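Below is one structure, written out as structure tokens, with a few remarks after it.
Counting starts at 1 for both ligands and their atoms, following the listed order. All values derive from a computational prediction rather than experimental measurement. Heads up: numbering here begins at 1 and tracks the sequence.
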Amino acid sequence: MANNNNICAYELIEAEAQSWDYILSYLRPSCIKCAIQLGIPDILHKNAHPIMSLSDLIAALPNLNPSKTTFIPILMRVLVDFGLFNYHHQQGDGYSLTSVGRLLVENHLSGSNRSFFLFAQHPVVLNTAASVGDWLKDDLRTAFETAHGKSHWDYCGEDAEFNGVFNDAMAGDSRFISNLLISDCCAGVFEGLTSLVDIGGGTGAVAMAIAGAFPSLKCIVLDLPHVIADRKGSGNLEFVAGSMFDKIPNANAILLKWILHNWNDEDCVKLLKKCKESISSKENGGKVIIIDMIMEDNCNNKQLVQSQHLMDLIMRITCASKERTEKEWEKLFLEAGFNGYKIITSLGIRSLIEIYP
Ligand SMILES: C[S@@+](CC[C@H](N)C(=O)[O-])C[C@H]1O[C@@H](n2cnc3c(N)ncnc32)[C@H](O)[C@@H]1O
Ligand SMILES: COc1cc(O)c2c(=O)c(O)c(-c3ccc(O)c(O)c3)oc2c1
């Protein structure tokens with residue numbers, strides 16, 4: 001049976017059910033933030049047995065008001081649906097961490113994107129996303145400027161609390177990636193190098209891991225003064241405060257992790273040219289190591305592709321930049337005067353690319 005618009009009732013019901021999923025999806029990150037604030041992933045992780053009963057979990061929640069205990073199974077059901085926890089019915093209402101849930105554990109050895117969840121729920125970030133409609137009508141470069149009146153980087157320089165939340169998010173991700181960088185999956189990328197500058201290296205999580213794994217490799221972190229703050233290096237690790245558009249320390253190689261996607265093509269070419277001037281010659285092993293996304297590279301993984309599209313949208317609304325396809329990367333490398341590049345490995349949503357002078 002068709003209605004007036006020739007859409008059959010079955011199609012309408014399906015569409016309506018799907019639209020409820022979109023309408024209600026704003027609650028998912030709020031529930032994850034709530035679980036993090038209550039310390040649920042940490043409690044499940046520290047529990048002696050991998051499966052924790054509901055009553056033990058409730059008893060272990062330090063800040064829970066006793067009048068709210070009946071909310072916990074409701075919250076846990078949503079988070080089980082969302083794939084963060086397993087529910088074990090046979091064992092009498094027990095919960096365990098899934099591998100995604102494990103990424104929410106504070107200071108987990110294999111890294112964590114707990115602080116990225118908190119960053120994504122920060123009012124500054126939520127207000128940026130809520131300003132996209134207004135931004136499309138004004139003449140400002142980014143929705144961040146529409147919402148906050150200045151660029152993301154200037155805002156970080158002026159608001160110590162937001163700066164800390166942003167840098168923590170990056171550091172959590174960096175600890176996760178560092179474990180991969182010093183593992184067999186990236187063997188050979190850092191071997192034989194004598195010095196490396198991590199440009200825009202944040203608070204130094206990647207450089208710290210590389211410096212630890214390669215004691216004869218001198219590692220320098222270059223970032224803006226409000227990020228480096230009073231960080232002191234030691235041994236083969238050094239911190240330098242400054243702008244990458246002014247001066248880059250000379251080194252064998254340069255690391256650019258999640259830097260180029262923050263900048264438009266013109267700025268990227270400017271930065272890559274400066275990198276080329278600062279690294280050793282090709283004969284002496286000079287290279288720039290890039291960790292960034294290659295769009296359209298994971299076409300058979302629908303979820304990764306959707307995340308890449310959202311990342312591209314984030315870059316456009318916060319930095320007036322974009323995520324790039326392999327063709328777009330190649331164009332940048334050639335314009336900056338590099339002679340070749342190699343995609344070394346995939347690191348999930350991102351890839352590790354080497355470019356050679
Ligand atoms: C997206 S974050 C990536 C941080 C780090 N590489 C990581 O992946 O965890 C970009 C970094 O670039 C830094 N940055 C922005 N503008 C810069 C500049 N002009 N000179 C040096 N660093 C800059 C930011 O402070 C920030 O730490
Ligand atoms: C998920 O992975 C990433 C990777 C990044 O490198 C960035 C990034 O650099 C960034 O500025 C932002 C960002 C997003 C929204 C905001 O309102 C804002 O001020 C900044 O998000 C990122 C997310």
- Item | Ring centre gap for Tyr356 and Tyr341 strictly below 6.0 Å |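 No, ring centres 6.0 Å or more apart.
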- Task: Measure the spacing between CG of Leu310 and CD of Glu323 and express it to the nearest 0.5 Å.
- Result: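 It comes to 11.0 Å.
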Identify the protein heavy atom lying closest to [atom], giving its residue, its atom name and the separation to 0.1 Å.
{"atom": "atom 20 (N) of ligand 1", "value": "Met244 N, 2.9 Å"}
{"atom": "atom 10 (C) of ligand 2", "value": "Phe166 CE1, 3.7 Å"}
{"atom": "atom 13 (C) of ligand 2", "value": "Phe119 CZ, 3.6 Å"}
{"atom": "atom 4 (C) of ligand 1", "value": "Gly200 O, 3.2 Å"}
{"atom": "atom 26 (C) of ligand 1", "value": "Asp223 OD2, 3.6 Å"}
{"atom": "atom 19 (N) of ligand 1", "value": "Ser243 OG, 3.0 Å"}

Ligand 2 atoms in contact with [X] (distance to a heavy atom under 4.0 Å):
{"X": "His152", "answer": "11 (O), 18 (C), 19 (O), 20 (C)"}
{"X": "Phe116", "answer": "1 (C), 2 (O), 3 (C), 23 (C)"}
{"X": "Thr318", "answer": "13 (C), 14 (C), 15 (C), 16 (C), 17 (O), 18 (C), 20 (C)"}
{"X": "Thr128", "answer": "17 (O)"}
{"X": "Phe162", "answer": "19 (O)"}
{"X": "Phe144", "answer": "17 (O), 19 (O)"}

- Item | Aromatic ring pairing Tyr87/His89, orientation class (parallel under 30°, perpendicular over 60°, tilted between) |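 Answer is tilted, since the angle falls between 30° and 60°.
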- Query: Angle class for the His148/Phe144 ring planes (parallel below 30°, perpendicular above 60°, tilted otherwise)?
  - Reply: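 Judged by the thresholds at 30° and 60°, the geometry between His148 and Phe144 is tilted.
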If the threshold is 4.0 Å, N to carboxylate O, is there a salt bridge linking [X] and [Y]?
{"X": "Lys274", "Y": "Asp246", "answer": "no"}
{"X": "Arg77", "Y": "Asp81", "answer": "no"}
{"X": "Asp173", "Y": "Arg350", "answer": "yes"}

Do [X] and [Y] meet the criterion of a side-chain donor-acceptor pair at a distance under 3.5 Å?
{"X": "Asn86", "Y": "Ser96", "result": "yes"}
{"X": "Thr146", "Y": "Asp138", "result": "yes"}
{"X": "Asn284", "Y": "Ser281", "result": "yes"}

- Message: Does any part of the side chain of Met311, heavy atoms only, come nearer than 4.5 Å to the side chain of Met293, both counted from C-beta?
- Response: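 SC-SC contact between Met293 and Met311 confirmed.
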- For residues Lys276 and Phe333, determine if any side-chain heavy atom of one lies less than 4.5 Å from a side-chain heavy atom of the other.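 With C-beta onward as the side chain, the pair stays apart.
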Please indicate whether any nitrogen or oxygen in [X] is less than 3.5 Å from any nitrogen or oxygen in ligand 1.
{"X": "Ile199", "value": "no"}
{"X": "Ser174", "value": "yes"}
{"X": "Lys257", "value": "yes"}
{"X": "Asp173", "value": "no"}

Heavy atoms only, cut-off 4.0 Å: how does [X] contact ligand 1, side chain, backbone, both, or neither?
{"X": "Asp198", "value": "neither"}
{"X": "Ile259", "value": "side chain"}
{"X": "Phe176", "value": "neither"}

Tell me which one of [options] gets a heavy atom nearest to [atom].
{"atom": "atom 1 (C) of ligand 2", "options": "His122, Met311, His261", "answer": "Met311"}
{"atom": "atom 14 (C) of ligand 2", "options": "Asn127, Ile314, Val165, Val125", "answer": "Ile314"}
{"atom": "atom 16 (N) of ligand 1", "options": "Asp267, Leu224, Asn167", "answer": "Leu224"}

- Message: Can you confirm, on distance only, whether ligand 2 has an N/O atom lying under 3.5 Å from any N/O atom belonging to Asn262?
- Response: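 Between Asn262 and ligand 2 (N or O atoms, distance only) the closest approach is under 3.5 Å.
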- Does Met315 have a non-hydrogen atom less than 4.0 Å from ligand 2?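 Checking ligand 2 against Met315, which is what was asked, there is a heavy-atom contact under 4.0 Å.
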- Message: Taking only non-hydrogen atoms of Tyr155, do any sit less than 4.0 angstrom from ligand 2?
- Response: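 Tyr155 does not count as a contact of ligand 2 under the 4.0 Å cut-off.
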- Task: Mark up the atoms of ligand 1 that fall under 4.0 Å of a heavy atom belonging to Gly202, in ascending order.
- Result: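 In order of number, 27 (O).
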